[in-house]
Structure formats: structure tokens, C-alpha cells
Undergrad: 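My structure is below; once you've seen it, I'll send some questions.
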There are 2 protein chains.
Amino acid sequence: MPAVAKRADRHTPESLLAVAVDVFNVRGYDGTSMEELAKAAGITKSSIYHHVAGKEELLRLAVTRALDGLFAALDEPGALQGPPVERFAYVVRRTCLELVRNLPYVTLLLRVRGNTETERDALERRREFDHRVAELAAAAVAEGDLRADVDPRLTARLVFGLVNSVAEWYRPDGPVSGDTVADALSSLVLDGLRPRG
Amino acid sequence: MPAVAKRADRHTPESLLAVAVDVFNVRGYDGTSMEELAKAAGITKSSIYHHVAGKEELLRLAVTRALDGLFAALDEPGALQGPPVERFAYVVRRTCLELVRNLPYVTLLLRVRGNTETERDALERRREFDHRVAELAAAAVAEGDLRADVDPRLTARLVFGLVNSVAEWYRPDGPVSGDTVADALSSLVLDGLRPRG
DNA sequence: GTCTATACCGTGATAGAC
DNA sequence: GTCTATCACGGTATAGAC
């Protein structure tokens, strides 16, 4: 065995991904150069290509992870069983928690605009997700458990915009816990800001 | 007078700005090259520099316009007179309408991340705006017209996230009018999705 | 006001040594 | 697995003619 610690195996696709996502979220995907990525990872540009095919593959890995996490929530018992309004509330709350738990990856996903094939695929899966939640909202309206005087599709868009906007300001090391955000958000969505009584 | 129509004066900083903002919003600011801008404007790259100092000045002009529009709302009678809860509701509604009216400029503003001096200045003014609205919300809570069981700062963040998220999907030529969005959004914020009574 | 031509630099990516 | 060296390309910006 060598007396000197080997420097090999310092990076895997996984460890590079974590670095890349953080840099992408600060500088923007387009605004990030491979040079910056290399510096953040502590290796050279060329070494990155040993682990991944290129910049866009890092983006693909990141948004795939984010989307898998979100879709997983839709297949949980809370999203499949019970009255639609409760399933809807579960998904809203669960999506919010997933966003907070997986913040860097979901943040990157939400900023994708569709300029490459990778980005267009991600947008397509996002639309599929939104569609399934909109169906839940419509079912809840049909049963009279959500207000019928606002278009369900508009409702779904607003609620999702609200959830997604959390990524713009939430910080895991900040004073607010994910549960606190999810509670406040659910409460706002269901009951509004005006006191009930 | 010349018998042939002059091709001069085809572009002003203003007309270039309109073109640039549209391209920025599709391709992203970083992702947009001067070549693309030139093609969209129907002139050459070099000609652009005759009208504006460069790419970043176009961004500065755009976000300044967006911010001026938003701050103007804060100085209107509806935002200055009456009980805090009504002033708060006015600003929420008015901000939503301003976003829709000035959509390309506000959209660009909301995507700024702070990588250049221009962007950091814009973020600073956005924070100032958010702060003034958070004060309104806190005043409304103090008078008992908004619920006190959620932190006012968290409330303000969520409400603004909701308003801003409209920029992600709203299209002026779509089926939904700005008034419809503003109504649905105000109603959601104040009364929630659950039927009252 | 717009053009052609070009300077100069940073980009993503590759080759080959260790 | 990482490095140095290098490539071809496209980026912003400028000079000077018309």
C-alpha cells in the first residue's frame, strides 16, 4: 500500500452533479462556464469530461432527479385515497415539502426555459404533473369542497405558482422550517388571509 | 427631397429595447447573443452599438422600466388612503395588473439573478418594494383585518410569490384577461379556496 | 444609420502524457 | 483520474467606409 493518500476517486458523476447544480443556481445554466464548474469542483475542465458527457448532461441529471421526486408524491397513499379535496391538499403540501427537501434540483428545474432538447423534455414532464394536479382540483370542485366560482385550471395554475415561488427565497439554513412554509402555504390556499368567523 | 424612401431612423433605443426584451425572455439574457438580437431587429450586430452601449444597457433599460411601473402603484391614492387591509388588497391587485400590462419587462425583471451590477441594483429595488408591501400587511394584521397566526413577512413573501408567478404562464393573447387573473388572485389571497359559510 | 471587416477573448470540448 | 496544451468556434465590441 502506498504511504501517501491517493488523490484518485475524488469525484463521481454524483459529486460533480451536486457541485454543478449549486453553481447553476447562482450563475444560471447559460451563464455558467465549464471553467467555473471546474474551479468549484477543484479539478480542471478536461477532468469533468472524464465523468460526464458535458454541461447539458449535468442539467439532464439534475432536472430528472427533481421531476422523479415530484412524481413520486403523486403515487403515495395520501394522493390516491380519500376525498379529492384532501388528496389535493396532500399534494400541495407534499409538493411544497419536496421542493424544500430537494431545493437545488427543483430550483434548477423551475428555471428551465426550453432552449435545448433536455429542457423541452423537462417542461413536458412538468406540464404532465400540473395536469394531474389540475384534475384533482377539478374533482374537488365537482364535489363542492372547493369554490366553484373560479376556473379550476386558473386555480391550479395559481396554486402551483405559489408553491413554486417558494424556491425563489427559501433557504434551508434560514429561520423558517419546511414544515412552517408548508403549513402557511396550505392554510393560505385553503382559507385565505382574511379571518374566518 | 429624395424620390426613394429613406431607410434611416428604422431603429431607436426604444424600438431596439422592445425587440431585445422579447428575445431575452425566450432565450434568456445570458443565452442571447448580439447576433440573435441583430437578426431579430433586422440590422447587423455593429449597428446595435450605434443605439445602445451594449447588451447590458438593454437589460438596464428594461428592468428600470419594470421597476418604475411597480413603484408607481405604491404612490397612487388606493395605496395611500384607507384602512391598511384595503391598501394591501389594492397593491396586490394593482401589482398583478401592472405585471400583466407590462408583461415582457416585468418578466425579465423577475428572472434577474444578480450576476452583474445592473442585476444587483434591480434586486435591491425589488427588495425595497417587497419591504414596503410587507409593512402594509403587518399594519393590516395589527388592526385585526388579516389573520395573525401566520408571520406577516412569510405572508408577504407568499403573496408576492403568487403574484410574480403569473409571469410564468400568462399570455396577453390567451383566453384569460388581466382583470380575471387579478380578481381570482385577490380572491384566493383574501378568502382561500374553501367555500365560506 | 447601417454596413463590412476585424480585433480580441472566453467558450465547450479533445488529445495524449503521467 | 487528473493534468497541460490546444483546437475550432462564437462571443462582445470597435474601426472606418458609404
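Throughout, a chain's letter reflects where its sequence line sits, starting with A, and its residues are numbered from 1.
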Undergrad: Test of understanding: with salt bridge (charged side-chain N to carboxylate O under 4.0 Å, His left out), list the residues that count as partners of B:Asp68, not counting sequence neighbours.
TA: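 B:Asp68: salt bridge (charged side-chain N to carboxylate O under 4.0 Å, His left out) contacts with B:Arg125.
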
Undergrad: Could you tell me how far apart B:Arg27 (CZ) and D:dG10 (C1') are, to the nearest whole angstrom?
TA: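 So the CZ-C1' distance, B:Arg27 to D:dG10, works out to 13 Å.
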
Undergrad: Any side-chain N or O of B:Thr44 less than 4.0 Å from the OP1 or OP2 oxygen of C:dT2?
TA: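 Checking C:dT2 against B:Thr44, no side-chain N or O comes under 4.0 Å of OP1 or OP2.
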
Undergrad: Could you walk me through whether A:Thr95 and A:Phe129 pass side chain to side chain contact (heavy atoms under 4.5 Å, CB included), step by step?
TA: CA-CA 11 Å; A:Thr95 303; A:Phe129 183 85; 3.8 Å; yes

Undergrad: In whole angstroms, how far is the C1' atom of D:dT2 from the NZ atom of A:Lys39?
TA: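 So the two atoms are 18 Å apart, to the nearest Å.
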
Undergrad: Evaluate A:Val92 against A:Val163 for side chain to side chain contact (heavy atoms under 4.5 Å, CB included), listing each step before the verdict.
TA: CA-CA 7 Å; A:Val92 167; A:Val163 173; 4.2 Å; yes

Undergrad: When the distance from CG of B:Asn115 to C1' of C:dG10 is rounded to whole Å, what number comes out?
TA: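 Result: 16 Å.
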
Undergrad: Using side chain to side chain contact (heavy atoms under 4.5 Å, CB included) as the criterion, list what pairs up with A:Glu117, not counting sequence neighbours.
TA: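 Testing A:Glu117 for side chain to side chain contact (heavy atoms under 4.5 Å, CB included), a comparison that skips the adjacent residues, returns A:Arg120, A:Asp121.
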
Undergrad: B:Met34 has a side chain; which of D:dT2, D:dA13, C:dT2 sits nearest to it?
TA: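 Comparing D:dT2, D:dA13, C:dT2 against the side chain of B:Met34, the answer is D:dA13.
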
Undergrad: Is there a donor-acceptor pair under 3.5 Å between the side chain of A:Thr180 and the backbone N or O of A:Val176?
TA: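 No.
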
Undergrad: Salt bridge or not for A:Arg87 and A:Glu76, using N-O below 4.0 Å?
TA: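 Here A:Arg87 does not pair with A:Glu76 in a salt bridge, since their nearest N and O are not under 4.0 Å apart.
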
Undergrad: Tell me which residues in residues 45-60 of chain B put a heavy atom below 4.0 Å from DNA chain C, sorted by number, or none.
TA: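 Correct list: B:Ser46, B:Ser47, B:His50, B:His51.
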
Undergrad: Separation of B:Asp30 atom CG from D:dG10 atom P, in whole Å?
TA: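 For the pair B:Asp30 CG and D:dG10 P, the rounded distance is 19 Å.
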
Undergrad: What integer distance in Å separates A:Ile43:CD1 from D:dT4:C1'?
TA: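 Distance, rounded to whole Å: 15 Å.
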
